[in-house]
Amino acid sequence: MSEEIFDKLAQAVIAGEPEEAVELAKRALDQGLDPLTCINEGLTRGINRVGELFSTGEYFLPDLVIAGDAMNAGLTILEPALVGDQERETPGRVVLGTVEGDIHEIGKTLVGIMLTANGFRVTDIGADKSAAEFVAAAKENGATLVGASALLTTTMPEQQQIIEALEEAGLRDQVKVMVGGAPVSQSWADKIGADGYAENAMSAVALAFRLIDAPA
Ligand code: B1M
């Protein structure tokens, strides 16, 4: 039963059907399914397949756009259910965004969802955000952690710009910087002086706890 709905959620993303994704997400919640499993086994599995189809030339840019829309549509239903009733004391305040010139937002959003689900107060500033916007948000929200996502090899250097901008603003010793995104690696994080790198949303949570020295 649950396997069937996960498959359908994945299929809605692969076929680029936002309305179907919303319907299925609502049905899954009505059936009492765990929203996080719906995201991981349904939506994420679907978008990963879309990436493979794009890599092999079977899908083109418009297919990516509508698949991204379907994934986000499903997330709008599942995300509130995931973070719904949490009133725990927060382990830290996070400012999270995708770097300037880069509009990929799905992975960053998932990281935010997972951090929120684990009690962090997350301010998601969105995609295509400049170093100055990261710094302003960090100041405004009293961030203890700044997370920068980059999905393009051409936009990875923006992560370094954010670190430098935090230094210039005199904030660098007050905030830890976490970087991630498909082309990003630990060695890149080391090279630019980031405090940590996470490969996926789950490891981003573990890293966040480690960086701010709080028990997970
Ligand atoms: Co684009 N795209 N895209 N794309 N896209 C990729 C990234 C690409 C790998 C596809 C390919 O060639 N196979 C390729 C990048 C190549 C490179 O530079 N290495 C690419 C390209 C080239 C482009 C364009 C340049 C295409 C063009 O215009 N010719 C263009 C760029 C536009 C721009 O940003 N300026 C473009 C556009 C788009 C769409 C708009 C159509 C759409 C995005 C829709 C949206 O976000 N609203 C899109 C999509 C959907 C993809 C793929 C298919 C999927 C990305 C995704 O959402 N993955 C992608 C191929 C792929 O990755 N398989 C591709 C699912 C998501 C859950 O994973 O984002 O990796 P991911 O996030 C993971 C981890 O990386 C990590 O945790 C997440 C959850 O596990 N993580 C973090 C991410 N951020 C983190 C931050 C952290 C920690 C962990 O701490 C702060």
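Every number for a ligand or one of its atoms is a count from 1 in the order of the listing. Keep in mind that the numbers below use all heavy atoms, side chains included, and drop hydrogens, waters and symmetry copies.
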### Task
Only one of Val146, Leu145, Thr144, Thr123 passes side chain to side chain contact (heavy atoms under 4.5 Å, CB included) with Val94; say which it is.
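In the set Val146, Leu145, Thr144, Thr123, the residue that makes a side chain to side chain contact (heavy atoms under 4.5 Å, CB included) with Val94 is Leu145.
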### side chain to side chain contact (heavy atoms under 4.5 Å, CB included) partner of Glu41, chosen from Thr37, Leu43, Thr44
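Single side chain to side chain contact (heavy atoms under 4.5 Å, CB included) partner of Glu41 among Thr37, Leu43, Thr44: Thr37.
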Are there protein heavy-atom neighbours of [atom] below 4.0 Å?
atom	result
atom 83 (C) of ligand 1	yes
atom 52 (C) of ligand 1	no
atom 40 (C) of ligand 1	yes
atom 76 (C) of ligand 1	yes
atom 62 (O) of ligand 1	no
atom 10 (C) of ligand 1	yes
atom 37 (C) of ligand 1	yes

Would you call [X] and [Y] a side-chain contact if the rule is heavy atoms closer than 4.5 Å?
X	Y	answer
Ile47	Met71	yes
Leu9	Val13	no
Ser149	His104	no

#### Entry: Protein residue, atom and distance nearest to atom 21 (C) of ligand 1, heavy-atom basis
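I find the closest protein heavy atom is Leu152 CD2, 3.7 Å.
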#### Entry: Distance from atom 26 (C) of ligand 1 to nearest protein heavy atom, with residue and atom
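In this structure, atom 26 (C) of ligand 1 has Leu61 CD1, 3.7 Å as its nearest protein heavy atom.
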[X] near ligand 1 by a heavy-atom separation under 4.0 Å:
X	answer
Val50	no
Gly181	yes
Thr155	no
Glu199	yes

### Query
Can Gln186 and Asp190 be counted as having a side-chain donor-acceptor contact under 3.5 angstrom?
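A pair is found: one side chain offers a donor N or O, the other an acceptor, under 3.5 Å apart.
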### Message
Side chains of Ser130 and Glu133: any donor to acceptor distance under 3.5 Å?
### Response
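Yes, Ser130 and Glu133 have a side-chain donor paired with an acceptor closer than 3.5 Å.
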Check ligand 1 against [X] and write out every atom of the ligand that is under 4.0 Å from a heavy-atom position of the residue.
X	result
Ile47	65 (C)
Asn72	47 (N)
Gly147	91 (C)
Asn200	76 (C), 77 (O), 80 (O)
Leu151	7 (C), 15 (C), 69 (O), 70 (O)
Asp102	34 (O)
Gly180	82 (C), 84 (N), 85 (C), 86 (C), 87 (C), 88 (C), 89 (C), 90 (O)
Ser149	83 (C), 84 (N), 85 (C), 86 (C)

#### Entry: Of the listed options Ala182, Gly107, Ala198, closest to atom 72 (O) of ligand 1 (non-hydrogen atoms)
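Minimum heavy-atom distance to atom 72 (O) of ligand 1 goes to Gly107.
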### Query
Which of these, Glu105, His104, Glu52, Met156, has its nearest heavy atom closest to atom 31 (C) of ligand 1?
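Looking at heavy atoms only, the winner is His104.
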### Message
Would you say that more than 12 heavy atoms from the other residues, nucleotides or ligands in this model lie under 6.0 Å from the CD of Glu164, or not?
### Response
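It does: Glu164 CD has more than 12 such atoms within range.
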### Task
Using a cut-off of 6.0 Å, state whether more than 12 heavy atoms not belonging to Glu58 lie near its atom CD.
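Yes, enclosed.
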### Query
Where does Ala148 meet ligand 1, judged by heavy-atom distances below 4.0 Å: at the side chain, the backbone, both, or neither?
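Under 4.0 Å from ligand 1, Ala148 contributes backbone atoms alone.
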### Task
Determine whether the side chain, the backbone, both or neither of Thr153 has a heavy atom under 4.0 Å from any heavy atom of ligand 1.
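For Thr153, backbone and side-chain atoms both sit under 4.0 Å from ligand 1.
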### Query
Less than 4.0 Å between a side-chain N and a carboxylate O, is that true for Lys108 and Asp102?
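No salt bridge links Asp102 with Lys108.
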### Message
As an exercise, state the distance from OG1 of Thr98 to CD1 of Ile103, rounded to the nearest 0.5 Å.
### Response
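If we round to the nearest 0.5 Å, Thr98:OG1 and Ile103:CD1 are 10.0 Å apart.
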